[in-house]
Amino acid sequence: MTTKLLFFSLLLSSFFLSSQSSTKENQKTYISFDKYLGVENIDLSNGIIEENEYRSIYNNHHQFFKSLDFLPGSVHYNNQSYFGLSLKYNIYEDEVLVKLPNKYGAVTLKLLKSKVENFVIDSHKFIRVDSVTSTNDELKGFYEVLLEKKNVVLYKKYDQAKRDVIENRKVFYHFLNKNSYILYYKDAYYKVDTKNALSKILPDHKKTIRNFYAKNKALYKLKPDSFMTSLVRKVYSEISRTNNKVTE
């Protein structure tokens, strides 16, 4: 892959409407690029020009979140929020890409991960996590927020394995998903990919967890995100009722 690092001092606010005008109407507006001569003439210091180095022959086994196409979204970048963007999330490389229009069409920019606090793509919210689990496993990169309650957050981590495929003497790539779930509870992160893992964290709700798994086997196989979200929401309701009784 050939990438060109373009140094610039002009903030992304030169391209997108910032959070300083974050009304619903203004969020749908972005600043025109017609007045610029082209990206090559702009001082870019906040990203890298991206060229896709992985070609896939399977449309449903590529490295991007949901689609090969750019999707509508927003990003909180370098302490500033930007709306009305065209984004891609590269799962395999854990990178956020934004399409910037210019006089000659458009250019794809890979945002610097350290400057991305969170982003929303096609109504899915992701945040950047830099921490460890209760067993000292490293948590690094972007995690989707599936459920967010007071003191409880359920995250999904997208991950992929890459397999080379040779077709007509050309190398293509087949990406296989390896997703996992993380629960933030009582100021700590826990891996909750199994019934036992969740029961260990929430021993007072072990019966509820066991019964939910037993009654929702089809949902677990077909829609694991919905399964985990419903389960954590159910347990959270029990925790809230218990806490309310204690404070009464």
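On a predicted model such as this, the values are computed, not experimentally measured, just so you know.
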Original post:
Does the side-chain contact (heavy atoms from CB on, under 4.5 Å) test come out yes or no for Leu231 and Tyr213, once each step is laid out?
Top reply: CA-CA 9 Å; Leu231 174 55; Tyr213 266 87; 3.7 Å; yes

Subject >> For Tyr236, all residues meeting ring-ring contact (aromatic ring centres under 6.0 Å, His included), sequence neighbours excluded >> reply: none

Original post:
Would you say the side-chain atoms of Arg128 pair up with the backbone N or O of Val116, donor to acceptor, closer than 3.5 Å?
Top reply: yes

Subject >> Under 3.5 Å side-chain donor-acceptor pair for Tyr158 and Asp94 >> reply: no

Original post:
Which pair of heavy atoms, one from Glu144 and one from His124, lies closest together, and at what distance?
Top reply: OE2-ND1, 2.6 Å

Original post:
Are any of the side-chain heavy atoms of Asp122 and Phe70 separated by less than 4.5 Å?
Top reply: no

Original post:
Is the distance between the ring centroids of Phe119 and Tyr89 less than 6.0 Å?
Top reply: yes

Original post:
For the atom pair NZ (Lys149) and OG (Ser237), what is the distance rounded to the nearest 0.5 Å?
Top reply: 7.0 Å

**OP:** Decide side-chain contact (heavy atoms from CB on, under 4.5 Å) for Gln63 and Gln160; before the verdict, give the C-alpha distance in whole Å, the side-chain angles of both, and the deciding distance to 0.1 Å.
**Re:** CA-CA 8 Å; Gln63 72 270 41; Gln160 290 181 329; 3.5 Å; yes

Original post:
Are side-chain heavy atoms of Lys125 and Glu148 found at a separation under 4.5 Å?
Top reply: yes

Table please: side-chain donor-acceptor pairs of residues 197-206 below 3.5 Å, with sequence neighbours left out.
unit_1, atom_1, unit_2, atom_2, d
Ser199, OG, Lys195, O, 2.9
His205, ND1, Glu238, OE1, 2.8

Original post:
Got a sec: does the OH of Tyr220 have more than 12 other heavy atoms crowding it under 6.0 Å?
Top reply: no

Subject >> Polar side chain donor-acceptor pair, Asp137 to Thr135, under 3.5 angstrom >> reply: yes

Original post:
For Ser74 and Phe83, which heavy atoms make the closest approach, and how far apart are they?
Top reply: CB-CD2, 3.8 Å

**OP:** State, with a plain yes or no, whether a side-chain heavy atom of Leu112 is found less than 4.5 Å away from one of Tyr77.
**Re:** yes

Subject >> Close side-chain approach of Val96 and Val98, heavy atoms under 4.5 Å >> reply: no

**OP:** Drop me the distance from Asn90's CG to His62's NE2, to the nearest 0.5 angstrom.
**Re:** 10.5 Å

Original post:
Judged by atom type as modelled, is there a donor-acceptor pair below 3.5 Å linking the side chain of Asn177 to the main-chain atoms of Asn179?
Top reply: no

**OP:** Please list, chain by chain and in numerical order, all residues satisfying side chain to side chain contact (heavy atoms under 4.5 Å, CB included) with Asn216, sequence neighbours excluded.
**Re:** Phe212, Leu219, Phe227

**OP:** Under the side chain to side chain contact (heavy atoms under 4.5 Å, CB included) rule, collect the residues that match up with Asn151, sequence neighbours excluded.
**Re:** none

Subject >> Evaluation steps, side-chain contact (heavy atoms from CB on, under 4.5 Å), between Leu85 and Val75 >> reply: CA-CA 8 Å; Leu85 311 183; Val75 63; 3.3 Å; yes

Original post:
What residues join Ile182 in its hydrophobic cluster, counting side-chain heavy atom gaps under 4.5 Å, either direct or through other members?
Top reply: Ile127, Val129, Leu139, Tyr143, Val145, Val153, Tyr155, Tyr184, Tyr189

Original post:
Any idea which heavy atoms bring Tyr190 and Ser134 closest together, and the distance?
Top reply: CD2-OG, 3.2 Å

**OP:** For the pair Asn78 (side chain) and Lys115 (backbone), establish whether a donor and an acceptor sit closer than 3.5 Å, ignoring hydrogens and angles.
**Re:** no

Subject >> Donor-acceptor contact below 3.5 Å, side chain Lys157 vs main chain Phe142 >> reply: yes

Original post:
Could you state the interatomic distance from OG1 (Thr133) to CD (Glu138), rounded to the nearest 0.5 Å?
Top reply: 10.0 Å

Original post:
Between Leu71 and Leu87, is a side-chain contact (heavy atoms from CB on, under 4.5 Å) present by the stated rule, with each step listed?
Top reply: CA-CA 5 Å; Leu71 299 171; Leu87 300 179; 5.8 Å; no

Subject >> Atom of Met228, atom of Val192 and distance for their closest heavy-atom approach >> reply: CE-O, 3.5 Å

Subject >> Where Leu97 and Thr108 come nearest, the two heavy atoms and their spacing >> reply: CB-CG2, 3.9 Å

**OP:** Kindly write out the residues that satisfy side chain to side chain contact (heavy atoms under 4.5 Å, CB included) with Thr229, not counting sequence neighbours, or none if the list is empty.
**Re:** Leu146, Leu147, Leu154, Arg233

**OP:** Run the ring-centre check on Phe126 versus Phe65 and record whether the distance is less than 6.0 Å.
**Re:** yes

